[in-house]
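Take a look at the structure below.
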Amino acid sequence: MLDIQVCEQGFDPWHELATFQQHPDFAAGKSGANAVFVGTMRDFNEGDTVQAMTLEHYPAMTTRQLQTLVQETVTRFRLDHVLLRHRVGAIRPGDPIVLVAVWSAHRAAGFDACRQIMETLKHNAPFWKRETLSDGSLRWVERNTAG
Amino acid sequence: MLDIQVCEQGFDPWHELATFQQHPDFAAGKSGANAVFVGTMRDFNEGDTVQAMTLEHYPAMTTRQLQTLVQETVTRFRLDHVLLRHRVGAIRPGDPIVLVAVWSAHRAAGFDACRQIMETLKHNAPFWKRETLSDGSLRWVERNTAG
Amino acid sequence: MSIRVLFFASLREQLGRPQAEVAWQPEMTASQVWCLATGQTRLPGNVLVACNQEYCRGESLIDDAAEVAFFPPVTGG
Amino acid sequence: MSIRVLFFASLREQLGRPQAEVAWQPEMTASQVWCLATGQTRLPGNVLVACNQEYCRGESLIDDAAEVAFFPPVTGG
């Protein structure tokens, strides 16, 4: 089961996970391992205090890129399920930006797959962050932190 | 903030995580990365259907081992917070067995630390699983799956 | 016949517009689309290119009626 | 003075009891505690040992009043 969504509004990762696992196609006894990553907005970056952020994206391409990268990871690591959420729009420090959750029979595949989805997403998915610093000035984030 | 508990009763990982993050010492904008692993009971092992499981442990040693391994990982990876839960007692397929959640500034440290805690726990923490197979017979799990 | 051109993020702001349209020509490359759309002589090395929502390179040939997007390094996740 | 000995999991079942007590002697090792507690001549290679809730080896010296535990490979997580 794959569930991929770009969210215009805030999301609660734990609520998303609980809801996903209530789906009739989610067989709880099949997957022994569930690896999850949640990326949230920090209130600092490159030595500066950040008070807000806007996430822009290229909607048609985002959807295709996320589908492709998830599908490739599912095949490679024989995953049972993947849940993926990514915020766009105006966000505040502490708000979740990305949620990646994978379910697999064993933990090694789960850890590897969750990390691979995050790295591929960071390198390929067409999202861009613009920060509002404490003095109100705007700054585009030029590169991601190394993974 | 470190929160480590061995649970005699079932726990809901998403509820534990939501509750942990509501603590006043949890500063949401500090940690950009939250890596989580949930291990649940599978309904199969070594080719057999498993209908139930009992988790035994050595309480005094479990507490010390978990504290030590978490503290070492916090120091090594400069983690902001760790939440750890491990079930003991009688469990059913689909029930959570272990929850490891770590918060860090960046994702590389979070992924590495979460995995290290799981591997060290699997190798060192004094828990033992006994399975009830579909014919009602009991079998001690002799070794963990490679991580 | 024409190519729909999209600009994103800091590139959109630098160029002062989110999109453009250029006339299609046979054997047209993504770099040539950039030059016609922006009036610049060459595609900068740090600009990423996608044709019909898939990454491509400056030398990639562009079909008629394609959607070609130019943008800076991505920073999601 | 005595040593408190604990057995866990399959080892507890094989030996038919969860604990034992043995008299402490100077220079006593964990292996010797095993032999006195079980009546066996040597500590099996696949049995893990902890003294006062920390892993130790068969050769490790055991202090008086220690708690010594023997158990099979752990299978938590």
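Since this is a predicted model, take the numbers as computed values, not measurements. Order of the sequence lines fixes the chain letters, A, B, ..., with proteins taken first and strands second; residue numbering starts at 1 for each chain.
- Ranked by heavy-atom pairs under 4.5 Å with chain B, the first of A:G39, A:A18, A:A108 is A:A108.
- Listed by sequence position, B:P93, B:G94 are the residues of residues 62-101 of chain B in contact with chain A, using a 4.5 angstrom heavy-atom cutoff.
- Per-residue heavy-atom pair counts under 4.5 Å with chain B were compared for A:H15, A:K30, A:M41, and the maximum is reached by A:K30.
- For the options A:R107, A:K122, A:H106, A:E119, heavy-atom pairs under 4.5 Å to chain B are most numerous at A:R107.
- Residue A:N144: no heavy atom, backbone or side chain, is found under 4.5 Å from chain B.
- Just one of A:T19, A:V36, A:D12 meets the side chain to side chain contact (heavy atoms under 4.5 Å, CB included) condition when paired with B:W14; it is A:V36.
- Between B:F111 and A:F37, the ring-plane angle classifies as parallel under the 30° and 60° cut-offs.
- Atom CD of B:Q5 sits in a crowded spot, with more than 12 heavy atoms from other residues, nucleotides or ligands closer than 6.0 Å.
- With chain B as partner, the option from A:A109, A:G110, A:S31 having the largest number of non-hydrogen pairs under 4.5 angstrom is A:S31.
- Ranked by heavy-atom pairs shorter than 4.5 Å toward chain B, the options A:A27, A:P13, A:A28 are led by A:A28.
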